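Below: the structure, in structure tokens.
Residue numbers begin at 1 in each chain, while the letters A, B, ... track the order of the sequences. All values below come from the heavy atoms of this structure, side chains included, with hydrogens, waters and symmetry mates left out. A quick note: this is a predicted structure, and the numbers were derived from the prediction, not measured.
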Number of protein chains: 2
Amino acid sequence: MDRKYSISDLASEFNVTTRTIRFYEEKGLLSPQRIGATRKYAGNERVKLKLILRGKRLGFSLDESRDIINLYDPIAGNTKQLQLLLDGINSKQKELLDKRKEINSMLSDLKQAEENCQQALNAQKIK
Amino acid sequence: MDRKYSISDLASEFNVTTRTIRFYEEKGLLSPQRIGATRKYAGNERVKLKLILRGKRLGFSLDESRDIINLYDPIAGNTKQLQLLLDGINSKQKELLDKRKEINSMLSDLKQAEENCQQALNAQKIK
DNA sequence: TATTACGTTGACGTTAACGTTAACTTCTCC
DNA sequence: GGAGAAGTTAACGTTAACGTCAACGTAATA
């Protein structure tokens, strides 16, 4: 049905303030329609916000998130543009694979710490 | 051999400024030895710095990184302390699993975008 | 011996990402 | 019709994470 959302709809759905959403617009990350002065967000704008917040949780800056969003942009006219877009996508993919590797090593570090901790706890129990 | 490092050794190895390293100390994340007034970093301090920077790349704040470092702390005396430590480790593990999931969905989004882009490029070639 | 390199401690400046407050409009509802 | 509730712009405040001097000490080296 292609619903529309008010600013506070999105704010409460994603647990951010309306100030935050307006700030993202100010930075060129969102571009809602206007009914008079009031903002109205269609589905694609909602998705953008979702992408921004996911980016944030993964340590991307707003500038980076803007770039990421643009990678999904279906405009990209000529071949050169498309090639640039593809390069951007590939580079961001590598970046993410690196992050995933780092997460994995962090997880294995923590697993080690967990075992040590378990060990020490068991030693206490025996006593 | 348990080498020691100067502040600029670490700075150049990890590609940060000495200011950054001193700042981390100021925030209680590092605690190098002193030879006179000069800082000297042993292996464990070097590892801490590594953990901090990895944390940063994954979107953790310095406060969070300090907590993470403390999860590896082998002091943890009594059972209650150990249990708390274990809880902290488990909670951080879950957090990381969440991040990994988000990375995976971002990767699959990008894969989709890549295919679309490839598609469009092929369409250009045929022409 | 003077310059160059590296170290130190302040202390103030900067940027990203919002928070907060003010002053105002517009809509709904009792 | 007046009292919220939700929207707006504008402007200043705040915090984290450093950058950037300045002013100084020390140690090697040309």
Can you tell me how far [atom2] of [N] sits from [atom1] of [X], to the nearest Å?
X: Lys56(B); N: dA16(D); atom1: NZ; atom2: C1'; value: 11 Å
X: Lys27(A); N: dA17(C); atom1: NZ; atom2: C1'; value: 8 Å
X: Leu62(B); N: dC18(D); atom1: CG; atom2: P; value: 6 Å
X: Glu26(A); N: dC12(D); atom1: CD; atom2: P; value: 14 Å
X: Phe23(B); N: dC21(D); atom1: CZ; atom2: P; value: 19 Å
X: Glu64(A); N: dA17(C); atom1: CD; atom2: P; value: 9 Å
X: Arg19(B); N: dT9(C); atom1: CZ; atom2: C1'; value: 11 Å
X: Asn15(A); N: dC18(C); atom1: CG; atom2: P; value: 13 Å

How does each nucleotide of nucleotides 4-9 of chain D score, in 5' to 3' order, for protein heavy atoms under 4.0 Å: base (B), sugar-phosphate only (S), or none (-)?
--SSBB
Start with the C-alpha gap between Glu102(A) and Asp98(A), add the side-chain angles, then the distance that decides, and say whether side chain to side chain contact (heavy atoms under 4.5 Å, CB included) holds.
CA-CA 6 Å; Glu102(A) 299 209 283; Asp98(A) 284 353; 5.5 Å; no
Between Glu25(A) and Arg39(A), is there a salt bridge with N-O shorter than 4.0 Å?
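A salt bridge links Arg39(A) with Glu25(A).
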Looking at Asn44(A), I want to see if its CG is surrounded by more than 12 non-hydrogen atoms of other residues, nucleotides or ligands under 6.0 Å.
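Atom CG in Asn44(A) is packed in, count exceeds 12.
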Given dC18(D), is OP1 or OP2 found less than 4.0 Å from the side-chain N or O atoms of Thr17(B)?
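Thr17(B) to dC18(D) OP1/OP2: no side-chain N or O under 4.0 Å.
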So does Tyr24(A) get a side-chain nitrogen or oxygen closer than 4.0 Å to the phosphate oxygens (OP1/OP2) of dC18(C)?
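True: Tyr24(A) side-chain N/O within range (under 4.0 Å) of dC18(C) OP1/OP2.
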Under a 3.5 Å cutoff, is there a donor and acceptor pairing between the side chains of Gln33(A) and Glu45(A)?
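Glu45(A) and Gln33(A) do not have a side-chain donor-acceptor pair below 3.5 Å.
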Heavy atoms, side chains only, cut-off 4.5 Å: are Lys99(B) and Phe60(B) in contact?
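Yes; the side chains approach each other to less than 4.5 Å.
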Would the distance check show the side chain of Ser8(A) and the main-chain N or O of Ala11(A) forming a donor-acceptor pair, the cut-off being under 3.5 Å?
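Not confirmed, Ser8(A) side chain does not pair with Ala11(A) backbone.
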